[in-house]
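Counting starts at 1 for both ligands and their atoms, in listed order.
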Amino acid sequence: MIYADNAATTKMSQASIDKMISLMNETYGNPSSLYRFGQKAKEELELARETVASVIGAEPREILFTSGGSEADNQAIRSVALLGKAQGKNHIISTKFEHHAVLHTLDKLAKEGFEITLLDVHKDGLVRPEEVAAAITDKTALVTIMYANNEIGTIQPIAEIGKICREKKVLFHTDAVQAIGHLPINVVEQNIDLLSASGHKFHGPKGTGFLYAKKGIKLSNLIEGGAQERGKRAGTENVPGIAAMAVALKEIVEKMPETAKEVSAKRDRLIAGLSEIEHSALNGDRTKRLPSNVNFCFEGIEGESLLLLLDEKGIAASSGSACTSGSLDPSHVLLAIGRVHDVAHGSLRLSLGEDITDEDIDYMINAVKEVVTYLRSFSPIWRDLVAGKKQFIL
Ligand SMILES: *Cc1c(COP(=O)(O)O)cnc(C)c1O
């Protein structure tokens with residue numbers, strides 16, 4: 001079995017599992033309790049906060065633990081929207097290929113009277129900083145642009161966008177869920193005001209994550225109740241999960257320079273192999289992409305059937321986003337980079353883990369080649385393409 005869907009979720013690291021189990025067994029006190037048993041849990045919580053903060057160049061008090069990336073995105077965007085509203089600013093800039101945690105929050109804000117500009121991401125899957133600059137008006141409260149895209153892996157010019165926002169005095173949020181642990185992050189150097197992260201994307205537990213908000217930015221609550229997390233997120237903290245997330249993050253970041261090199265070599269080998277399939281195309285820029293991400297479109301086939309047949313060959317892959325499976329709509333990300341519906345339907349994302357081997361890569365190349373050929377052999381669309389009744393696009 002080859003697990004090639006690490007952009008959807010990752011296996012927990014052994015160190016992260018060990019940490020979680022040890023806290024569940026021994027440190028189950030409530031961190032808000034005053035006796036030592038509770039204070040031990042509080043120490044673990046604050047230790048995790050320090051770890052997470054140091055990884056992104058932030059201060060511990062700038063870290064708020066959440067249930068994951070979606071919650072962090074929601075809270076970041078809602079908070080800044082409210083701050084903006086109080087100053088008479090009702091404009092938010094984002095892009096067409098954000099995660100739905102961002103896009104759906106923006107949809108709701110649009111209904112509440114905010115004006116939303118969604119920038120184009122061009123064929124290469126990249127946002128142009130000058131287009132961000134041009135979209136900013138004196139009504140702009142927030143720019144929110146993801147660091148790396150979850151479907152096509154393209155890496156956005158975050159530091160440049162951060163600089164523009166700082167100069168124009170607009171707050172900048174980035175959904176760094178796919179980037180953290182895989183790309184360097186320093187919120188000070190990159191002028192990032194708010195950042196979202198999720199534990200289960202970097203070998204930590206599901207249901208954990210955090211929001212970084214630069215000191216001085218007043219967050220508003222999504223959840224009301226007790227005074228946990230400086231009063232900004234009520235509910236007894238998930239101490240074992242949070243501590244296990246911090247362990248996983250520290251581990252992946254320490255190994256990052258090494259794994260980035262190794263995994264991107266595997267990625268390049270996979271891209272080269274799949275490019276041999278006729279009428280196929282890589283989605284997103286060839287080099288400005290996550291070390292782990294490969295995303296292709298194959299003309300004349302359907303992504304869903306491809307996935308099922310790959311599953312039979314022991315490969316866990318995705319057609320793009322875990323969140324859209326079950327819906328027949330093509331990926332909004334592929335449409336945003338200009339793929340037409342027919343082509344966008346035939347997409348395949350392989351997101352590699354750090355332990356992937358050359359043998360795995362070769363196995364996947366052969367499996368995809370076989371399955372694509374097989375599916376095309378009885379595809380009516382492919383028949384029309386070959387007969388010249390329809391034009392090839394790729
Ligand atoms: C997975 C993901 C999220 C959501 O994170 P959860 O922890 O699953 O809520 C948000 N943004 C991006 C880019 C993601 O890949």
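- Ranking the protein heavy atoms by distance from atom 8 (O) of ligand 1 puts H200 NE2, 2.9 Å first.
- Annotation: atom 11 (N) of ligand 1 to nearest protein heavy atom, D175 OD2, 2.6 Å.
- At a threshold of 4.5 Å between non-hydrogen side-chain atoms, the residues Y212 and L64 do not count as touching.
- At the shortest separation from atom 7 (O) of ligand 1 among protein heavy atoms lies S198 OG, 2.6 Å.
- Within ligand 1, counting atoms from 1 as listed, the ones closer than 4.0 Å to a heavy atom of M146 are 13 (C).
- In summary, the side chains of E131 and H122 do present a donor paired with an acceptor at a separation below 3.5 Å, with no hydrogens or angles considered.
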side-chain contact (heavy atoms from CB on, under 4.5 Å) between D193 and R166, intermediate numbers included: CA-CA 9 Å; D193 297 309; R166 191 58 52 89; 2.8 Å; yes
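- Side-chain contact check for H173 and S196: at least one donor-acceptor pair (N or O, by modelled atom type) lies under 3.5 Å.
- For atom 6 (P) of ligand 1, the closest non-hydrogen atom of the protein is G69 N, 3.5 Å.
- Of all atoms in ligand 1, listed by their number and element, those nearer than 4.0 Å to a heavy atom of G68 are 7 (O).
- Between T287 and D285, the side chains place a donor N or O and an acceptor N or O closer than 3.5 Å (distance only, hydrogens not considered).
- Note: no N/O pair closer than 3.5 Å links N150 and ligand 1 by distance alone.
- Residue, atom and distance of the protein heavy atom nearest to atom 14 (C) of ligand 1 are K201 NZ, 3.0 Å.
- With hydrogens left out, the protein atom closest to atom 4 (C) of ligand 1 is S70 OG, 3.5 Å, a heavy atom.
- In the model, T259 has no side-chain atom that pairs as donor or acceptor with a side-chain atom of E354 under 3.5 Å.
- In terms of protein heavy atoms, atom 3 (C) of ligand 1 is closest to H99 NE2, 3.5 Å.
- Separation of the F298 and W382 ring centroids does not fall under the 6.0 Å cut-off.
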